[in-house]
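Below: the structure, in structure tokens.
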Protein chains: 2
Amino acid sequence: MDEKDERFEQNFEGVGYLPGLAMDFVIFGFDQHQLKILILEYQNTSLYALPGGFVKEKENLNDAARRVLLERTGLSDIYIDQFYTFGDLARYDEVPLRTIMQAKGISPAADHWLLRRFISVGYYALIDFRKAAPRPDPLSDTCVWYTLDKLPTLMLDHNVIVQKALETLRADLDRKLGGYESWAAPLLPKAFTMSELQKLYETILGQKLRRSSFQRKVLGLDILERLEKQYSGGAHKAPYLYQFIAR
Amino acid sequence: MDEKDERFEQNFEGVGYLPGLAMDFVIFGFDQHQLKILILEYQNTSLYALPGGFVKEKENLNDAARRVLLERTGLSDIYIDQFYTFGDLARYDEVPLRTIMQAKGISPAADHWLLRRFISVGYYALIDFRKAAPRPDPLSDTCVWYTLDKLPTLMLDHNVIVQKALETLRADLDRKLGGYESWAAPLLPKAFTMSELQKLYETILGQKLRRSSFQRKVLGLDILERLEKQYSGGAHKAPYLYQFIAR
DNA sequence: CTATATTGTCTCAATCTGGAACAATAATAT
DNA sequence: ATATTATTGTTCCAGATTGAGACAATATAG
């Protein structure tokens, strides 16, 4: 039994993990002017789910979140935000989980720990689409990016979780924008144009913003520095490039 | 064994409750122009804690929160908000809990469920100070209002929880203010003056607001109706009374 | 009856915002 | 080479919002 199988075995039996507590992750990336999130797929079941995980007995909740993000994307030192804890009885349903396990050739006992009720802590993360290396977890087959408006129906209450994550992200935008932390950095190239930044905001907020007001407001925050070199590639005046001021 | 003792016994052994999961409540009230919160006291131990509780196996998380609020204050149909879930290892420490139990004449086994690690969901509520009938829980002796700036040192990480609740409440103020829900209603008399409302805001935010701007903004929101009758009792012009428009 | 504190209303300047205008310019079409 | 086109950087102005104060009105205390 190699290390991976061993970890799988432990995880599968729930040994060393807090019972009844899970986390679900809404991992946002930005590509082609679209907001995308990572979704796990289970072959031969047409089931889809958010990446998630469990908390070890001797592990901080937030550390568990960072670990799960690392396991799914290979990324660390990422901004994550815990946005809500989901605890409705209606949210747990053993049918899809049983289906998934059976598709993997496993016949779980009726009281298998994965089939019991879970409370789940929701986290979201904003990551660099190009740096991420999505990996499925032991029970899933693939881990893929989905555009928000082409999201499939997810298992359990995961669509609700995505919705809540998006609402929180939008509500946080203004507060975050004013803050010292340049949360937008991982979603953009190191150097970017003003219109790329604006399109990122428009995509997240789901609405158009005025060009001049946006520029005025963002530059007024003193979080960007203008670079000397310029972008080229369009049939028009070359825009300046900007980057976030390191703090 | 009467019903209360029976419930206590069950609760004390953790029977019928989700293991490892708790909730802590920051219950805000407003009195004498001060923001207060409910604190449990444990006699002969000089220990203080937030009211809290556990989730039944067949109970929605948010329903459990409403139940706990009802048990501690006698109030239902109250606006509550789940603001954060606390899951650091450092947050659990069996010493104060053991002290409390021993002060109650109980000698818990080393692996008693109350002494194990808990993840705790934080909720806050805004309640009517005058309607509340604070009641201690089975392990505590009294349940009392404390002014925020005279809060004692609380056990575990409860001071951190209060801080986070306050930050969330402040951050939510603007968003909530614009909303249709008149969250401030339970903190004020049915009819109140503009300066009472302003002082409530000032107390929560911890800063002074300009009188004319405040009046302009609040009246512009279309959530108040001015009443005919007028307040009296001060050596000055009588202010109008307002109430929230029922929706 | 006078003094006092607080209220309702108004004003004015300062600031912010929405929306448009306009010249500049890198690629493309002619 | 020159004109065309799309987009950019910048400016401007009208309208809305906000900060700060002025002032008369008035219920109670003295």
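Order of the sequence lines fixes the chain letters, A, B, ..., with proteins taken first and strands second; residue numbering starts at 1 for each chain.
You'll find the ring centres of B:Tyr123 and B:Phe25 inside the 6.0 Å limit.
Side chains of A:Val218 and A:Leu224 form a contact here, defined as non-hydrogen atoms less than 4.5 Å apart.
When the C1' atom of C:dT9 is taken as reference, atom CZ of B:Phe214 falls 17 Å away, rounded to whole Å. Nucleotide C:dA21 holds its P atom 16 Å from the CZ atom of A:Arg210, rounded to whole Å. When rounded to the nearest whole Å, the span between NZ of B:Lys217 and C1' of D:dA16 equals 14 Å. Atom CG of A:Leu219 is separated from atom C1' of D:dG9 by 11 Å (rounded to the nearest Å). Whole-Å rounding puts the B:Lys208 NZ to D:dT18 C1' distance at 19 Å. One can place CE of B:Met194 at 7 Å from P of C:dG8, the figure rounded to the nearest angstrom. Atom CD in B:Gln215 sits about 15 Å away from atom P in D:dT18, given to the nearest Å.
Classified by interplanar angle (parallel below 30°, tilted 30° to 60°, perpendicular above 60°), the ring pair A:Phe83/A:Tyr124 is tilted. Ring geometry for A:Phe118 versus A:Phe54: interplanar angle of 30 to 60°, hence tilted.
Contact record, A:Val68 with A:Gly53: CG2-CA, 3.9 Å, taken as the closest heavy-atom pair. Of all heavy-atom pairs spanning A:Ala64 and A:Glu59, the tightest one is CB-OE1, 3.3 Å.
Within a 6.0 Å sphere centred on CG of A:Asp149, other residues, nucleotides and ligands contribute more than 12 heavy atoms.
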Polar atom pairs (N or O), protein with nucleotides 10-14 of chain C, under 3.5 Å:
none

Tabulate protein N/O versus nucleotide N/O from nucleotides 6-8 of chain D, keeping only pairs under 3.5 Å, one per line.
residue: D:dA6; atom: N3; partner: A:Ala235; partner atom: O; Å: 3.3
residue: D:dT8; atom: OP1; partner: A:Ser195; partner atom: OG; Å: 3.2

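B:Tyr240 carries B:Arg226 over the face of its six-membered ring, with the cationic atom under 6.0 Å from the centre and within 45° of the normal.
For A:Ser213, no side-chain nitrogen or oxygen approaches OP1 or OP2 of C:dT17 to under 4.0 Å.
Checked against B:Phe192 for a ring-ring contact (aromatic ring centres under 6.0 Å, His included), the options B:Phe30, B:Phe244, B:Tyr242 give a single hit: B:Phe244.
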